[in-house]
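First up is the structure itself, then whatever we jot down about it.
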There are 2 protein chains.
Amino acid sequence: MSRGAKRAATREESEETRQTILRTAEQLFMEYGYRAVSTRQIADACGLTQPALYHYFADKQTLYVEVIKENTGKTQSAMERIVRRNEGIAERLRLIVRYLYNTTQHDISQMLHDIQHELDPQMRELLNQLFITGLIAPLASIFEEGIQTGFLRHPSMGGLDATNAAYLFMSMLPRFLSRPPLTVPEHGPSHASRHGLKIEQAEMLVQVLLYGLAEQGVGERHQVETVDSDHTL
Amino acid sequence: MSRGAKRAATREESEETRQTILRTAEQLFMEYGYRAVSTRQIADACGLTQPALYHYFADKQTLYVEVIKENTGKTQSAMERIVRRNEGIAERLRLIVRYLYNTTQHDISQMLHDIQHELDPQMRELLNQLFITGLIAPLASIFEEGIQTGFLRHPSMGGLDATNAAYLFMSMLPRFLSRPPLTVPEHGPSHASRHGLKIEQAEMLVQVLLYGLAEQGVGERHQVETVDSDHTL
DNA sequence: CCTACCGATCGGTAGG
DNA sequence: CCTACCGATCGGTAGG
């Protein structure tokens, strides 16, 4: 084999190793958190020695930042693709929930905690911006459309503005306690698909976000209970 | 001073020191997580040397477990008191949100992460049970009442069962990104209290949970979209 | 409740 | 990409 061929192969392998490190680090960081994952764990899982990592990434923090950049980039692409689809608000929200459930099994709040508490202020600011422009903004654009078209309640009528709706949406995603929070209720001994009630988790979540838990037009009267503010005189 | 008086004072001081450690450890653990808080940090914040902690608690894990026990116990009392109040479902939920916002500024999902990943299986099981009986159960009893009285949509009609509703409720609580997710929208240059729209965060959250973001009876038709299951044949 | 100290593990570097 | 190694910090113990 010529030197040229050998070097090309080495370059490819090097890039492959880099990708392996990124994927492995992502899994570990997202499951256990930045602090709890050691550089030796990552190296072991890649079949490398720990110092070898420092050939590919300057330090642990840089590796973490690259992981988040990669992850956020992919998610942003997928979300913008979904946002532009020719579907209703609800359906596009369902698609986003399914995408996030399938790709990131982790709790996103852990990632945010690490960004706030374990990183340099500079990196923190960078990743916060990535999070907002990559995840919050596409989501908010859907909610904004819903508000403009009158499908969603206007902020001045007791609704949420688009950005806050996006944050609330994100906060509803995590599986609580590592066990799925939204299991389908089994009523009676018959199979779940009996009454045509097998509602998927993603759909259930969007249902609640859009229409709430209350029976329509029944029970207590609080619907758009606009608080008269000037109590305090 | 007699020996007896001195010894009594010492015993009181000892208990006081123990409480100081518990309060300090709670703040640190809840803000930064189990792993990120060192026993030396806790000791420093209490004005003690690090080995002194081991006079009061067998080890770091035991201290953490005691913190959670104390915390959960107080919260359980408060929640059960609120549950028994003579108020509507929505108002009691608002009171619970306010209580949790005022007492625990932290993200509860971090506590759950630490319980799942940083503790012995035995302690994990214990604290999971405490979490369920202390926080989920009281909340679920409110939702169950709402379902029984017909105020909340029945699980067989596309609603959530009481336990899952409780989990969802808890997951909606955290302030996202350490910044409040539900800021009140300011519309126009006028003061926020202009149109009588100053809706408090706790109330806003309960509003969304109960009635959703959608305009009532407007836009897409998905209200109780019961999925016909036998698509796959 | 202190001083002194332990073994283990951490992130990172030197040098090849 | 490895071996060898560094200083710092961790949770915890000994002994008083």
Side-chain angles (χ1 to χ4, degrees), chain A residues 3 6-26 28-29 31-68 114-115 117-120 122-124, chain B residues 3 6-25 28-29 31-68 114 117-120 122-124:
Chain A
R3 273 190 331 198
K6 179 126 191 239
R7 275 183 187 154
T10 300
R11 249 182 263 122
E12 283 169 23
E13 283 170 9
S14 184
E15 179 53 29
E16 201 178 300
T17 303
R18 202 187 120 93
Q19 290 302 325
T20 301
I21 295 170
L22 278 172
R23 283 200 310 272
T24 305
E26 177 183 351
L28 290 170
F29 280 143
E31 178 164 2
Y32 302 106
Y34 182 79
R35 196 84 157 220
V37 175
S38 73
T39 53
R40 280 169 180 83
Q41 276 178 54
I42 298 171
D44 286 349
C46 297
L48 299 172
T49 58
Q50 181 249 9
L53 292 184
Y54 290 82
H55 173 66
Y56 299 93
F57 302 95
D59 52 25
K60 188 185 182 184
Q61 182 180 239
T62 303
L63 171 56
Y64 185 79
V65 169
E66 289 301 314
V67 164
I68 302 294
D114 286 339
I115 291 176
H117 290 94
E118 311 280 5
L119 264 43
D120 286 348
Q122 201 177 348
M123 296 294 108
R124 170 159 64 242
Chain B
R3 271 190 332 195
K6 178 126 191 240
R7 276 187 187 152
T10 300
R11 249 183 265 124
E12 283 169 25
E13 282 171 9
S14 184
E15 178 56 26
E16 201 178 298
T17 304
R18 202 187 120 94
Q19 291 300 325
T20 301
I21 295 170
L22 278 172
R23 282 200 312 271
T24 306
L28 290 170
F29 280 142
E31 179 163 2
Y32 302 105
Y34 181 80
R35 196 83 157 222
V37 175
S38 73
T39 53
R40 279 169 180 82
Q41 275 178 55
I42 298 171
D44 285 351
C46 297
L48 299 173
T49 59
Q50 182 249 10
L53 292 184
Y54 291 81
H55 173 67
Y56 298 92
F57 301 95
D59 51 25
K60 189 186 181 184
Q61 183 181 238
T62 303
L63 170 56
Y64 184 77
V65 170
E66 290 300 314
V67 164
I68 303 294
D114 286 339
H117 290 94
E118 311 280 4
L119 264 44
D120 286 347
Q122 200 177 348
M123 294 296 106
R124 171 160 63 242

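So you know, we letter chains A, B, ... as the sequences are listed, proteins then strands, and number each from 1. Computed from a prediction, not measured in an experiment: that's the story for all the values here.
Both distances falling under 3.5 Å, in either a Watson-Crick or a G-U wobble arrangement, place dG16(D) opposite dC1(C).
Of the residues near DNA chain C, Pro51(A) and Gln41(A), the one whose nearest nucleotide (by heavy atom distance) lies more toward the 5' end is Gln41(A). Place Tyr56(A) and Arg40(A) on DNA chain D by their nearest nucleotides, and Tyr56(A) ends up nearer the 5' end.
Rounding to whole angstrom units, CD of residue Gln61(B) and P of dG12(D) are separated by 9 Å. Rounded to whole angstrom, the span from the CG atom of Leu63(A) across to the P atom of dG12(C) amounts to 10 Å. Between the P atom of dG11(C) and the CD1 atom of Ile21(A) lies a distance of 15 Å, rounded to the nearest Å. Distance NZ (Lys60(A)) to P (dG12(C)): 8 Å, rounded to an integer number of Å. Spacing between atom NE2 of His55(B) and atom P of dG16(D) amounts to 18 Å, rounded to whole angstrom units. Distance, Leu28(A) CG to dC10(C) P: 13 Å, rounded to whole Å. For Tyr54(A) and dC2(D), the OH to C1' distance is 16 Å, given to the nearest whole Å. Atom CZ in Arg35(B) sits about 18 Å away from atom P in dT9(D), given to the nearest Å.
Taking all atoms of both residues into account, the shortest heavy-atom contact from Asp59(B) to Thr62(B) is OD1-OG1, 2.6 Å.
In terms of modelled atom types and a separation under 3.5 Å, the side chain of Arg124(B) and the main chain of Leu119(B) share a donor-acceptor contact. Side-chain atoms of Tyr56(A) do not come within 3.5 Å of backbone N or O of Leu63(A) as any donor-acceptor pair. Using modelled atom types, one side-chain atom of Tyr34(A) and one backbone atom of Gln61(A) make a donor-acceptor pair closer than 3.5 Å.
Contacts of residues 42-50 of chain A with DNA chain D (heavy atom under 4.0 Å): Leu48(A), Thr49(A).
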**OP:** Verify side-chain contact (heavy atoms from CB on, under 4.5 Å) between Asp114(B) and Tyr64(B), making sure each step is shown before the conclusion.
**Re:** CA-CA 10 Å; Asp114(B) 286 339; Tyr64(B) 184 77; 3.3 Å; yes
Original post:
For His117(B) and Glu31(A), what are the C-alpha separation, side-chain angles and deciding distance, and is it a side-chain contact (heavy atoms from CB on, under 4.5 Å)?
Top reply: CA-CA 9 Å; His117(B) 290 94; Glu31(A) 178 164 2; 4.0 Å; yes
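Between His55(A) atom NE2 and Leu48(A) atom CG the span is 10.5 Å, to the nearest 0.5 Å.
Comparing dC1(C), dC1(D), dC10(C) by their closest approach to the side chain of Thr17(B) singles out dC1(C).
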